[in-house]
Amino acid sequence: MKLEEAQKVIEGLIFAAPYPISSEELGTILEFEPIIVERLIERIREQFANSGLMIRTVAGGYQFVTRPELVSWIDKLGRPLISAPLSLAGLETLAIIAYQQPLTKSHVEQIRGVRSDSAISTLLDRELIMEFGRKDGPGRPILYGTTQKFLVHFGLRSLDDLPDRPKVPRIGEISE
Amino acid sequence: MKLEEAQKVIEGLIFAAPYPISSEELGTILEFEPIIVERLIERIREQFANSGLMIRTVAGGYQFVTRPELVSWIDKLGRPLISAPLSLAGLETLAIIAYQQPLTKSHVEQIRGVRSDSAISTLLDRELIMEFGRKDGPGRPILYGTTQKFLVHFGLRSLDDLPDRPKVPRIGEISE
Amino acid sequence: MGYLVRLEVYEGPFDLLLNLIERDQIDILDIPIAKIAQEYLAYLKQMQERDLVVSGDFLVIAATLLRIKSTMLLPRNPEFEEVSEFEDPREELIAQLLEYKFYKEVAQTLVDRNQQATAMYPRLHYESNEKKLPIYTNPVGDSSIHQLASLYQQVLHVVKESAHVHEVQRRISLSECMQELRVRLIAGHETTFTQLVGARDRYHTIVTFLAILELVKKREIIIIQHQDFGEIYLELIQDQEVVL
């Protein structure tokens, strides 16, 4: 068997095996020394360098898995699709976050004058806002900001495209 | 997102999805038009040309599988058969349901000329058919239709992959 | 016990008929009914001899065959034939046979397709019952960026107004705050520290906190926290006469 052919077979076996398959087992099936199998797997790995898949060594065997950096995409699989409009409370909260980001939930609540937990969790679910680290200070509250998706869905290239901020001082400046 | 990056994500999603994933669903996740997704999948297929794996189109979606020419090697893994082969009665019943769906059990029996309770209950157990509501009329009998699993099991892209149903000639036309 | 001849098993009467037709190399569209009916009945007789159950379905078609046979034997009324188109009594049966034959062929196609399909191994997946969050296909609904911007202006306007109003607001005293807490705890809708503090200013938060401590000291309420940094629950002590 040519090495190229053997590589294909190894790929197929690793992919189809119901458990991480070892180089010994692969060697037995192919009638190759395990060391040869291991070299071939190294070559396969090189060929998968630009793929979304990779072969990981785990539990004494090999297994195809998706690349770790794709996890946020893979998580979206099988999620039900919903197209419900955004509530006014959500939109109001989004407006405040868009213009004042990054800011904390209590800052939003201070501006809106009402509790905003559910508005913020809606915006997080809709992936319009995300956590931007934590604020220094007591309780180290979470800071929120808008996402790429926010820009896409409002047709903005960047935050600079937000319609001009009205000439009203920021909340912190008001009490002065 | 760069196209290269999108390709990786698509590979990852097709690999990770527990069912054949459609270009529409991939498009929703990536926020791409399905047609773009389809083009990218063509590019991925080219890149997998020398791999033991390939992307097949089945049941309205995409799925990674091992290449058919590797089957004798993969069989050596001793993976248990997903299911025992269907009986002829089951296959006949399935063929009728595939073409005439949704239809009732008595309609199946009329075509087959024999009672089909056990064939239908086997097909239901195997999730190759499912109930599709009830027919209006006396007794409101259950209507049956085929499932996505049916398409996958027989490697069909859609029901259109089944042979065309010939027009049944009328006897009057025959004798001429 | 005599010798045993293996008897073919058929899926049903149509399967048997098709088999007889194929065996005798008969044109399905021009079935010699008398001959086929004879062979069909002979088979049923064999089945009975072997104590095999001949299901009603086979008998129904036997009756149909005999009916067709007798209809075809009847002399046709030439007067009748002039006006109405001659209807072949075999027509319905042939249509049924052709339809059945088609599905029998499809069944074979399915076997082949399955063979091809199983030559390609998919990856094994493990069922997961994990609940997935929904994806919002249209997360902002039909709102526009201008709506967003004008909403922001409105909000800021309200803030500016209320900021001025705030200056002249009388500040709540500790005893007033304690009284307010009693009322709210009796109402029973708000029983956690977070709810009671609400989204008000720092002054109010401090006064509420002090009021809670005071109520604990007076043994009017108890506070419960199930875990470190968890929510703090406030409960009125039963049998405590609360003076409103």
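Order of the sequence lines fixes the chain letters, A, B, ..., with proteins taken first and strands second; residue numbering starts at 1 for each chain.
- Contacts between residues 132-147 of chain A and chain C, defined by a heavy-atom separation under 4.5 Å, are made by no residue at all.
- With a threshold of 4.5 angstrom between heavy atoms, A:Leu88 approaches chain C through its backbone and through its side chain.
- Atom CZ of A:Arg157 has 12 or fewer heavy atoms from other residues, nucleotides or ligands within 6.0 Å.
- With a threshold of 4.5 angstrom between heavy atoms, A:Ile96 approaches chain C through its backbone and through its side chain.
- Enclosure of atom CD1 in C:Ile223 is not indicated, since only 12 or fewer non-hydrogen atoms of other residues, nucleotides or ligands lie within 6.0 angstrom.
- With a threshold of 4.5 angstrom between heavy atoms, A:Lys105 does not approach chain C through any atom at all.
- Between A:Phe154 and C:Ile145, the shortest heavy-atom distance links the atoms CD2-N, 3.5 Å.
- Residue with the most contacts toward chain C among A:Leu91, A:Leu94, A:Thr122: A:Leu91 (heavy-atom pairs, distance under 4.5 Å).
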Next on the checklist: Checking C:Tyr152 against A:Glu92 for the side chain to side chain donor-acceptor pair (under 3.5 Å) test, could you report, in this order, the C-alpha distance in whole Å, the side-chain angles of both residues, the deciding distance, and whether it holds?
Outcome noted: CA-CA 7 Å; C:Tyr152 180 64; A:Glu92 196 178 284; over 6 Å; no

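- Counting heavy-atom neighbours within 6.0 Å of A:Glu24 CD, excluding the residue itself, gives a total above 12.
- Atom CD of C:Glu235 has 12 or fewer heavy atoms from other residues, nucleotides or ligands within 6.0 Å.
- Interatomic distance, CZ of A:Phe15 versus CZ of C:Arg123, reported as 7.0 Å (0.5 Å rounding).
- Heavy atoms of other residues, nucleotides or ligands lying less than 6.0 angstrom from CD of A:Gln148 number 12 at most.
- Both the backbone and the side chain of C:Ser143 come within contact range of chain A, judged by heavy atoms closer than 4.5 Å.
- Here the closest heavy-atom approach between residue A:Ala16 and residue C:Tyr121 is recorded as CB-CB, 3.9 Å.
- Pairs of residues two or more places apart, or lying in two chains, that qualify as side-chain hydrogen bond (donor to acceptor under 3.5 Å, both in side chains) and include a residue from residues 32-41 of chain A are A:Ser23-A:Glu38.
- Heavy-atom neighbours of C:Gln225 CD from other residues, nucleotides or ligands within 6.0 Å: above the threshold of 12.
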